[in-house]
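The basis for the numbers below is simple: all heavy atoms, side chains too, and nothing from hydrogens, waters or symmetry mates.
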Amino acid sequence: PSSGRTDNSSGGGQSASGNGASGSQTGNAGQAQTESSGQAQGGYVSPPFRDEVFHEDEAEGNDEVLIDLSSSGEGYFAVLADSDARLKIIVIKDEEQYVYNITLGEVQIYPFQLGDGTYTVRVMKNMEGNSYFELYRTTAEVVLDDEFEPFLHPGQYTDYDEDSDCVRLAASMAAQSQDAGDFVGRVYDYVCRNITYDRELAASVQSGYLPDPDRTLEQGKGICFDYASLAAAMLRSQGIPTKIIFGYVAPNDLYHAWNMFYIEGEGWTLVEFSTVPDEWNRLDLTFAANGADADFIGDGTNYMDVYQY
């Protein structure tokens, strides 16, 4: 299930069943690595926690699905659905299209990760087999408060809240870190030392699989999606803009998931990757944790990004 808090305090809206986790919203994402709720012991200052909220009174839709676009400036929208059939959501901007499964009865959070512009959101309902028809359609004119907003919040692919174990662990690491680079290094080192690749799950995983960062942390194992989700949860929760990337890795064109993170004005080197100030940097915990051949890790030029979340 995906994180999300339902806010219906002002009444109104259309009806649908579901639950969401509690939390609080915060301010401008452009200040993610400078804004503070308290001074860290080590020097790095974590920003206030960025939650997400489902505003039922501002949602549109019908008796099967509600869509809340009111937080588009913060880089996400929320969906609550209750149906007698499987639902998918398609998000379209320009020539790019993203397709997600909808978990029924729970608030789901999806990113506006393609920047400012017009997005079309289509909800599709299963008829039989692989056949779907359009249940609802809407559009959103998105103007992000900050370009990093979509990569600083929880969502369906990286589900956490302020009380998650992975967030508490990340906060303790951040409190001891000298700067953002030091903190990312601590997260990287922890995941590499404590999470192993789950080959049994990799051999049996089904389409539609969703990671759970706390489950990965507790079990100490996961597939590449789990690694990327856990790292994103830990880094985002402490103010490091972090993407989950799906794509292909040469030389064997392996379909894979990894992370990219952003550090403002700092530089450091870790394993095979160099952090360049004010640029997105690649972080592949799966290969590093499991001793992959250097042909896979390399300098990052053998990674082909396809989807970003």
Side-chain angles (χ1 to χ4, degrees), residues 1-6 8 12-21 52-72 75-114 117-142 150 154-159 201-212 215 223-226 229 244-248 255 257 306-309:
S2 178
S3 303
R5 178 162 66 88
T6 301
N8 59 3
Q14 292 125 325
S15 62
S17 62
N19 297 299
E52 72 295 320
V53 179
F54 175 75
H55 300 96
E56 185 173 349
D57 59 305
E58 298 189 47
E60 61 179 272
N62 54 36
D63 59 353
E64 292 187 71
V65 62
L66 298 177
I67 302 175
D68 172 24
L69 301 171
S70 64
S71 299
S72 61
Y76 71 88
F77 67 99
V79 174
L80 179 60
D82 187 12
S83 178
D84 58 358
R86 297 194 307 274
L87 301 181
K88 292 182 180 289
I89 196 159
I90 303 175
V91 182
I92 304 166
K93 181 179 181 289
D94 301 325
E95 301 301 317
E96 296 193 63
Q97 174 174 291
Y98 284 73
V99 181
Y100 307 87
N101 293 317
I102 297 177
T103 301
L104 300 177
E106 299 175 1
V107 173
Q108 303 286 282
I109 304 298
Y110 304 99
F112 287 123
Q113 69 270 54
L114 301 175
T118 302
Y119 289 74
T120 299
V121 178
R122 303 177 65 201
V123 178
M124 311 299 293
K125 183 174 181 177
N126 182 255
M127 293 189 295
E128 60 178 4
N130 293 320
S131 297
Y132 286 78
F133 69 93
E134 185 175 278
L135 178 65
Y136 191 79
R137 173 193 289 250
T138 188
T139 59
E141 296 295 333
V142 175
Q156 189 188 58
Y157 283 3
T158 181
D159 181 11
L201 176 59
S204 61
V205 67
Q206 300 295 310
S207 176
Y209 174 81
L210 290 175
D212 180 336
R215 181 184 64 216
I223 58 176
C224 59
F225 196 178
D226 296 305
S229 178
I244 297 175
I245 305 289
F246 283 87
Y248 295 92
Y255 193 65
V306 178
Y307 297 106
Q308 60 176 344
Y309 301 91

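Residues Y119 and L69 are not in side-chain contact: their nearest non-hydrogen atoms beyond the backbone lie 4.5 Å or more apart. Residues V121 and V79 form no side-chain contact, since every pair of their non-hydrogen atoms from C-beta on lies 4.5 Å or further apart. No side-chain heavy atom of E52 sits under 4.5 Å from any side-chain heavy atom of S71.
T139 meets the side-chain contact (heavy atoms from CB on, under 4.5 Å) test with T120; sequence neighbours excluded. For E134, the side chain to side chain donor-acceptor pair (under 3.5 Å) criterion is met by R122, R137, not counting sequence neighbours.
The shortest non-hydrogen separation linking G208 to N101 is CA-ND2, 3.4 Å. In plain terms, the two heavy atoms of A59 and L66 that are nearest each other are CB-CB, 4.0 Å. Nearest approach of D226 to D212, heavy atoms of both residues: OD1-N, 4.3 Å. Pairing each heavy atom of F112 with each of A140, the nearest pair is CZ-CB, 4.0 Å. Nearest approach of A85 to L104, heavy atoms of both residues: O-CD1, 3.8 Å. Taking each heavy atom of Q97 and Y307 in turn, the nearest pair found is O-CE2, 4.0 Å.
One distance of note links CD1 of I244 with CD of Q308; it measures 11.5 Å at 0.5 Å rounding. If you take CZ on F225 and OH on Y157, they are separated by 5.0 Å, rounding to the nearest 0.5 Å. Atom NZ of K93 and atom CG of L114 lie 6.0 Å apart (nearest 0.5 Å). For the atom pair C224 SG and F246 CZ, the distance stands at 6.5 Å (nearest 0.5 Å). Taking OG from S229 and CG from L210, the interatomic distance works out to 9.0 Å, rounded to the nearest 0.5 Å. Annotation: the span from E64 atom CD to D84 atom CG amounts to 6.0 Å, rounded to 0.5 Å.
Between the N126 side chain and the S131 main chain, a donor and an acceptor come within less than 3.5 Å of each other. The backbone N or O of F54 lies less than 3.5 Å from no partner atom in the side chain of D68, so there is not a single donor-acceptor pair. A distance-only check finds no donor-acceptor pair linking the side chain of E60 to the backbone of E58 [under 3.5 Å].
In this pair, Y100 and Y110 present their aromatic rings tilted. The plane angle is within the 30 to 60° band.
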Give the C-alpha distance, both sets of side-chain angles, the deciding distance and a yes or no for side-chain contact (heavy atoms from CB on, under 4.5 Å) between Y136 and L87.
CA-CA 11 Å; Y136 191 79; L87 301 181; over 6 Å; no

Test log, rule side-chain contact (heavy atoms from CB on, under 4.5 Å), inputs R86 and Y132:
CA-CA 9 Å; R86 297 194 307 274; Y132 286 78; 3.5 Å; yes

Evaluate Q156 against Y309 for side chain to side chain donor-acceptor pair (under 3.5 Å), listing each step before the verdict.
CA-CA 10 Å; Q156 189 188 58; Y309 301 91; over 6 Å; no

Chi angles and distances behind the side-chain contact (heavy atoms from CB on, under 4.5 Å) call for T138, F77
CA-CA 12 Å; T138 188; F77 67 99; over 6 Å; no

